[in-house]
Peer 1: 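My structure is below; once you've seen it, I'll send some questions.
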Amino acid sequence: MREIMALLGSLRGRNRSVRPSLLPLLELRSAALTLRSGYGLAPTGVGTVCFVAEGRPGEGTDAEIIAGLAGDSVRRNVVIHDALGRTIVRCWRENGDLGWLLEDLVDVNDRLAQAGFVSWLMHTTISFAEVRDMRHPTLMMVFRRERGTFYPYAPRGTRGRDRATELKIRSSLTRIVPMEADIGRWRPV
């Protein structure tokens, strides 16, 4: 399978190998099967890479330009800024193809790291929703690159979170992908 992905990546202009710190991100494909069968959740096709850019967000910093151009050569990523000064690169796949979405997210992370912005990277998220209502994400799998681990974030309402669901999902995915054991590090995104 990796050989096929490497071939497809080279056809898309991605000839470099994936850094070891990003390999767990690609393993999320296996976890998606458990989320679908155990919780009725499927990938929405939307993911983000969040970082804090030096200088003022929106000024077209080198990091923002690199992030906007990474991934699919046909579709450009959307670069937005939040009220906390973070830069968020939104990648998407209209057909919900998790494999290609993860490749795009890895590419954004990798290009930023190769350009010297690795210390700016905060997290990468992948959205999941109930199969019967794909328009409203109910879970985000959050990947912390510096720790090489995931944690689930299940928002509830405008400020709350569903901690019970998060703990169940962590328990279900522990043997599939590296999960963050310290729930004190599970930050809202």
Side-chain angles (χ1 to χ4, degrees), residues 1-2 5 18-52 71 80 82 84 86-93 95-110 112-113 118-189:
M1 182 66 168
R2 288 183 193 246
M5 292 308 288
V18 175
R19 293 173 185 251
S21 61
L22 295 173
L23 287 176
L25 196 53
L26 296 175
E27 294 169 6
L28 193 61
R29 285 175 244 195
S30 300
L33 299 173
T34 300
L35 290 173
R36 184 186 267 298
S37 64
Y39 301 93
L41 298 173
T44 63
V46 176
T48 64
V49 175
C50 180
F51 63 96
V52 177
I80 59 174
D82 70 7
L84 301 174
R86 299 178 298 188
T87 301
I88 301 164
V89 182
R90 182 178 179 268
C91 302
W92 73 96
R93 288 291 173 162
N95 62 358
D97 188 324
L98 182 62
W100 284 116
L101 175 65
L102 293 173
E103 291 284 337
D104 288 346
L105 294 170
V106 164
D107 194 41
V108 172
N109 274 282
D110 199 39
L112 286 168
V118 71
S119 63
W120 295 5
L121 293 167
M122 295 178 66
H123 59 263
T124 300
T125 65
I126 301 90
S127 297
F128 289 81
E130 292 181 13
V131 175
R132 65 179 185 262
D133 186 10
M134 294 298 288
R135 293 174 299 156
H136 299 96
T138 56
L139 174 77
M140 286 188 225
M141 289 301 296
V142 182
F143 178 70
R144 300 288 307 264
R145 179 191 176 116
E146 74 277 1
R147 297 187 55 86
T149 58
F150 288 94
Y151 65 89
Y153 173 62
R156 181 175 37 179
T158 57
R159 291 214 174 267
R161 63 193 302 171
D162 187 346
R163 183 66 83 176
T165 297
E166 292 174 353
L167 292 171
K168 285 184 212 172
I169 288 173
R170 177 185 68 173
S171 178
S172 298
L173 299 182
T174 297
R175 292 191 175 134
I176 301 170
V177 294
M179 298 296 291
E180 178 59 58
D182 181 2
I183 63 172
R185 294 182 181 268
W186 294 12
R187 306 275 185 242
V189 291

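Just so it is clear, the values below take in all heavy atoms, side chains as well, and ignore hydrogens, waters and symmetry mates.
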Peer 1: Tell me if a side-chain donor or acceptor on Arg159 pairs with a main-chain N or O of Arg156 at a distance below 3.5 Å.
Peer 2: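 No; zero donor-acceptor contacts below 3.5 Å.
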Peer 1: Are the side chains of Leu41 and Val131 in touch, meaning some heavy atoms are under 4.5 Å apart?
Peer 2: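 In short, these two side chains do not touch, never coming nearer than 4.5 Å.
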Peer 1: Going through the checks in order, is the side-chain contact (heavy atoms from CB on, under 4.5 Å) test met by Arg86 and His123?
Peer 2: CA-CA 11 Å; Arg86 299 178 298 188; His123 59 263; 4.3 Å; yes
Peer 1: I'd like to check Glu103 versus Asp107 (side-chain heavy atoms, cut-off strictly below 4.5 Å). Are they in contact?
Peer 2: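 No, their side chains stay 4.5 Å or more apart.
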Peer 1: State, to 0.1 Å, how close Thr48 and Arg90 come at their nearest heavy-atom pair, and which atoms those are.
Peer 2: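 The pair with the smallest heavy-atom distance is CG2-CA, 4.3 Å.
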Peer 1: Does the side chain of Trp186 reach to within under 4.5 Å of the side chain of Arg161, using non-hydrogen atoms?
Peer 2: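 Yes - at least one pair of side-chain heavy atoms lies under 4.5 Å apart.
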Peer 1: Rounded to the nearest 0.5 Å, how far does SG of Cys50 lie from CG of Leu121?
Peer 2: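 Taking CG in Leu121 and SG in Cys50, the distance rounds to 9.0 Å.
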Peer 1: So, taking the atom named CG in Asp162 and the one named OH in Tyr153, what distance separates them when rounded to the nearest 0.5 Å?
Peer 2: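 Taking CG in Asp162 and OH in Tyr153, the distance rounds to 11.0 Å.
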Peer 1: Could you state the interatomic distance from CD1 (Ile126) to OG1 (Thr44), rounded to the nearest 0.5 Å?
Peer 2: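 Between atom CD1 of Ile126 and atom OG1 of Thr44 there are 9.5 Å.
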Peer 1: Met179 and Thr149: which non-hydrogen atoms are nearest, and at how many Å?
Peer 2: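 The pair with the smallest heavy-atom distance is C-CB, 4.0 Å.
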Peer 1: Looking at side-chain heavy atoms only, is the closest gap between Thr124 and Arg145 below 4.5 Å?
Peer 2: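 They are not in contact (no side-chain heavy atoms under 4.5 Å apart), so the answer is no.
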Peer 1: Working to the nearest 0.5 angstrom, can you tell me the gap between Leu33 CG and Leu98 CG?
Peer 2: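 Result: 9.0 Å between the selected atoms.
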Peer 1: Can you see which heavy atom on Met122 is nearest to which on Glu146, and at what distance?
Peer 2: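 Met122 and Glu146 have their closest heavy atoms at O-OE1, 4.0 Å.
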Peer 1: Would you check if Phe128 and Arg36 make a side-chain contact, meaning some heavy-atom pair closer than 4.5 Å?
Peer 2: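 Heavy-atom side-chain distance check fails, nothing below 4.5 Å.
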Peer 1: Using every non-hydrogen atom in the two residues, find where Phe143 and Gly148 come nearest and quote the distance to one decimal.
Peer 2: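 Answer, listing the atom of Phe143 first, then Gly148: CE1-C, 3.7 Å.
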Peer 1: Is it true that Arg144 and Glu180 make a salt bridge, defined as a side-chain N closer than 4.0 Å to a carboxylate O?
Peer 2: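 No, this pair does not count.
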Peer 1: Apply the side-chain contact (heavy atoms from CB on, under 4.5 Å) test between Arg93 and each candidate in Leu102, Val46, Leu101; give the one that qualifies.
Peer 2: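 So, applying the side-chain contact (heavy atoms from CB on, under 4.5 Å) to Arg93 and each of Leu102, Val46, Leu101, only Leu101 qualifies.
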Peer 1: For Ser127 and Leu139, what are the C-alpha separation, side-chain angles and deciding distance, and is it a side-chain contact (heavy atoms from CB on, under 4.5 Å)?
Peer 2: CA-CA 6 Å; Ser127 297; Leu139 174 77; over 6 Å; no
Peer 1: Quiz question: by atom type and distance under 3.5 Å, do the side chains of Ser172 and Thr34 form a donor-acceptor pair?
Peer 2: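 Side chains of Ser172 and Thr34: no pair found under 3.5 Å.
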Peer 1: Contact between Glu166 and Tyr151 at the side-chain level, heavy atoms closer than 4.5 Å - yes or no?
Peer 2: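 No, every pair of side-chain atoms sits at 4.5 Å or beyond.
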Peer 1: Identify the heavy atoms of Ile176 and Ala31 that sit nearest to each other, and give their distance.
Peer 2: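 In terms of heavy atoms, the two residues are closest at CG2-N, 3.6 Å.
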Peer 1: Between Ala129 and Pro137, which heavy-atom pair has the shortest distance, and what is it?
Peer 2: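 Scanning both residues completely, I find the closest heavy atoms to be CB-CA, 3.8 Å.
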Peer 1: Taking the side chain as C-beta and beyond, is there a heavy-atom pair between Pro24 and Val177 under 4.5 Å?
Peer 2: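 Pro24 vs Val177: side chains apart.
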Peer 1: Decide yes or no for Ile88 and Val49: does some side-chain heavy atom of the first lie under 4.5 Å from some side-chain heavy atom of the second?
Peer 2: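 SC-SC contact between Ile88 and Val49 ruled out.
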Peer 1: In terms of relative ring orientation, are Trp120 and Phe51 parallel, tilted or perpendicular, with 30° and 60° separating the classes?
Peer 2: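 Ring orientation, 0 to 90° scale: parallel.
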Peer 1: Start with the C-alpha gap between Leu23 and Val106, add the side-chain angles, then the distance that decides, and say whether side-chain contact (heavy atoms from CB on, under 4.5 Å) holds.
Peer 2: CA-CA 9 Å; Leu23 287 176; Val106 164; over 6 Å; no
Peer 1: Begin with the C-alpha distance, continue with both residues' side-chain angles, and end with the deciding distance and a verdict on side-chain contact (heavy atoms from CB on, under 4.5 Å) for Tyr39 and Ile169.
Peer 2: CA-CA 9 Å; Tyr39 301 93; Ile169 288 173; 3.9 Å; yes
